[in-house]
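Below is one structure; the comments refer to it alone.
Chain letters run A, B, ... following the sequence lines, proteins first and then strands; every chain starts at 1.
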2 protein chains.
Amino acid sequence: MKLITKNTDYAIRALMTLASDRDRFFSAKEIAGIQDIPYHYLRSILQILTKNALIKSREGVGGGVKLIASPSRIHVSDLIIMFQGDADPGECLVKGRICSNHQTCVLRHEIKRIERMIQNQFGKITIQTLLNKEKN
Amino acid sequence: MKLITKNTDYAIRALMTLASDRDRFFSAKEIAGIQDIPYHYLRSILQILTKNALIKSREGVGGGVKLIASPSRIHVSDLIIMFQGDADPGECLVKGRICSNHQTCVLRHEIKRIERMIQNQFGKITIQTLLNKEKN
DNA sequence: ATAACTGATACTATATTGGTATCATTAAGC
DNA sequence: GCTTAATGATACCAATATAGTATCAGTTAT
Ligand code: FES
Ligand code: FES
């Protein structure tokens with residue numbers, strides 16, 4: 001049961017690095033080195049974080065990315081949605097098309113309930129709380 | 001966030017069909033028809049359920065499979081483990097190998113906690129409870 | 001001018017999941 | 001006994017999702 005994919009994981013770790021010094025720019029190369037993340041892959045992830053305004057970038061020499069959102073306002077649940085998409089829309093299909101009892105299906109109901117519970121749990125975890133726990 | 005894969009889903013539904021008449025044998029063909037599951041795929045699923053002693057099979061004309069476990073003792077969590085494997089052992093890797101802070105990693109800790117919570121939730125759902133809810 | 005960066009985008013590789021096919025074996029019923 | 005309807009075992013293929021790579025254009029500090 002893969003709750004978090006690599007890109008989400010990498011995003012979290014990159015953000016934690018950025019949160020360690022909120023005022024300066026880190027280059028993708030630097031973050032990749034610190035966190036041991038494949039450079040090109042990380043770059044694509046940072047671009048998504050930039051588009052979502054969690055970080056801002058500066059091009060050219062001495063450039064890189066810098067945190068702009070508050071670490072306590074970046075919830076892991078947001079990152080999951082950002083990188084893994086909101087809980088699959090179709091879900092519980094029969095041979096590609098939606099099955100007849102789609103609306104009433106009890107199993108589906110239970111799954112949806114548990115999914116909400118999971119999102120709720122991940123919503124309580126922020127970059128800040130992760131950093132706090134790390135220090136102990 | 002795919003909590004349940006198709007094979008688990010199909011297994012659940014096949015078991016619900018079998019639970020509707022515990023005394024007789026249903027052929028794979030019959031179940032496939034009722035639940036609209038691809039025949040050959042269902043067959044491979046039924047073989048796994050047989051090996052795990054949730055159902056028993058009879059070969060030859062008039063054969064098929066029949067429920068032997070009690071519907072109230074078949075937990076969805078068991079089926080998830082059976083078809084999707086116990087929560088990935090490696091998890092949270094860095095470039096294939098296990099990262100240095102694997103033991104202490106706080107994110108990993110949180111994920112493990114949530115995974116346990118999910119298994120606990122699915123542990124409360126049985127074939128019987130699904131059947132009960134269906135009747136309402 | 002050069003070097004160190006990001007933006008945009010396309011591409012490839014790998015893994016997982018979902019599904020198909022085949023042949024051997026078993027058992028019922030005529 | 002022969003036929004037919006079933007499962008056992010197993011190998012294979014297809015589709016999808018995830019992970020990772022590569023390239024080139026544009027930007028900026030020195
Ligand atoms: S069987 Fe289709 S929604 Fe559950
Ligand atoms: S970063 Fe490797 S276990 Fe979390």
Side-chain angles (χ1 to χ4, degrees), chain A residues 1-11 13-14 18 24-33 35-52 55-66 80 82-85 87-97, chain B residues 1-11 13-14 18 24-33 35-53 55-66 80 82-85 88-97:
Chain A
M1 196 172 304
K2 197 188 291 176
L3 298 179
I4 280 191
T5 51
K6 280 273 175 71
N7 48 10
T8 306
D9 181 55
Y10 290 161
R13 282 156 48 200
L18 292 174
R24 78 173 176 90
F25 285 85
F26 288 76
S27 72
K29 187 181 168 193
E30 190 179 2
I31 298 171
Q35 294 285 3
D36 199 3
I37 299 172
Y39 173 72
H40 286 292
Y41 195 28
L42 175 61
R43 292 238 299 132
S44 68
I45 290 166
L46 293 177
Q47 289 192 350
I48 292 169
L49 292 176
T50 302
K51 278 177 185 151
N52 282 277
I55 62 181
K56 77 172 172 188
S57 66
R58 191 169 65 190
E59 290 174 269
V61 176
V65 295
K66 171 180 159 180
I80 290 176
M82 200 174 295
F83 291 96
Q84 303 172 212
D88 20 17
E91 180 66 287
C92 201
L93 305 175
V94 181
K95 268 191 184 166
R97 57 179 206 286
Chain B
M1 196 172 304
K2 196 188 294 176
L3 298 179
I4 280 190
T5 51
K6 280 274 174 70
N7 47 11
T8 306
D9 181 55
Y10 291 160
R13 283 158 46 202
L18 291 175
R24 78 175 177 89
F25 284 85
F26 288 76
S27 72
K29 187 181 169 194
E30 190 179 2
I31 299 172
Q35 295 285 2
D36 198 2
I37 299 171
Y39 173 72
H40 286 291
Y41 195 27
L42 175 62
R43 292 239 297 133
S44 68
I45 290 166
L46 293 177
Q47 289 192 351
I48 292 169
L49 292 175
T50 303
K51 277 178 185 152
N52 281 277
I55 61 181
K56 77 171 172 189
S57 66
R58 192 169 64 189
E59 290 174 272
V61 175
V65 295
K66 170 180 161 182
I80 290 176
M82 201 174 294
F83 290 97
Q84 304 172 208
D88 22 15
E91 181 65 285
C92 200
L93 304 176
V94 181
K95 269 190 183 168
R97 56 179 206 285

query: Are B:Tyr10 and C:dG19 close enough that a side-chain N or O sits under 4.0 Å from OP1 or OP2?
result: yes

field: Rounded distance [0.5 Å steps], NZ in A:Lys6 versus CD1 in A:Ile45
entry: 10.5 Å

- prompt: Which one, D:dT18, C:dG18, D:dG8, comes nearest to the side chain of B:Ser57?
  reply: D:dG8

message: Go nucleotide by nucleotide along DNA chain D from the 5' end; which of A:Thr8 and A:Arg43 gets its closest nucleotide reached first?
response: A:Thr8

query: What pair of heavy atoms forms the shortest contact from B:Met82 to B:Leu49, and how long is it?
result: SD-CD2, 4.0 Å

field: Between OG1 on residue B:Thr50 and CZ on residue B:Arg58, distance to nearest 0.5 Å
entry: 13.5 Å

- request: Identify, between B:Phe83 and A:Lys29, the residue whose nearest nucleotide on DNA chain C lies closer to the 5' end.
  value: A:Lys29

field: Rounded distance (Å) that lies between atom P of C:dT14 and atom CG of A:Asn7
entry: 19 Å

query: Taking atom P of D:dA14 as reference, at what distance in whole Å does atom NZ of B:Lys6 sit?
result: 18 Å

query: Nearest-Å distance, CZ (A:Arg24) to P (C:dA4)?
result: 17 Å

- request: Kindly give the heavy-atom pair with the smallest separation between B:Phe83 and B:Ala11, and that separation in Å.
  value: CE1-CB, 3.5 Å

message: Please classify the nucleic acid contact of A:Thr50 as base, sugar-phosphate, or nothing, using heavy-atom distances under 4.0 Å.
response: sugar-phosphate

query: Expressed in angstrom and rounded to an integer, what is the separation of B:Gln84 atom CD from C:dG18 atom C1'?
result: 13 Å

query: Rounded to the Å, how far apart are B:Phe26 CZ and D:dA5 C1'?
result: 17 Å

query: What integer distance in Å separates A:Tyr39:OH from D:dT23:P?
result: 13 Å

statement: Contacts of B:Tyr41 and A:Gly63 projected onto DNA chain C by closest heavy atom; the upstream (5') one is A:Gly63

Could you pull out the protein-nucleic contacts involving nucleotides 28-30 of chain D (nitrogen or oxygen on both sides, under 3.5 Å)?
from   : atom 1 : to      : atom 2 : distance (Å)
D:dT28 : O2     : A:Val61 : N      : 3.3

field: A:Lys51 side-chain N/O to C:dA8 phosphate OP1/OP2 under 4.0 Å
entry: yes

- request: Measure the distance from CG on A:Asn52 to C1' on C:dG7 and round it to the nearest whole Å.
  value: 15 Å

- prompt: What distance do A:Asp9 atom CG and A:Lys2 atom NZ have between them, rounded to the nearest 0.5 Å?
  reply: 11.0 Å

query: Looking at B:Tyr41, is B:Arg43 sitting on its ring face, NZ or CZ under 6.0 Å from the six-membered ring centre and within 45 degrees of the normal?
result: no

- prompt: Got a second to check how far B:Ile55's CD1 is from B:Lys66's NZ, nearest 0.5 Å?
  reply: 12.0 Å

task: Name the nucleic acid region contacted by B:Lys56, choosing base, sugar-phosphate or nothing; use a 4.0 angstrom heavy-atom cut-off, strictly under.
output: nothing

- request: Using atom CD of A:Gln47 as one end and atom P of C:dT9 as the other, report the distance to the nearest whole Å.
  value: 9 Å

- prompt: Which of the following nucleotides, D:dT23, D:dT7, C:dT20, is nearest to the side chain of A:His40?
  reply: D:dT23

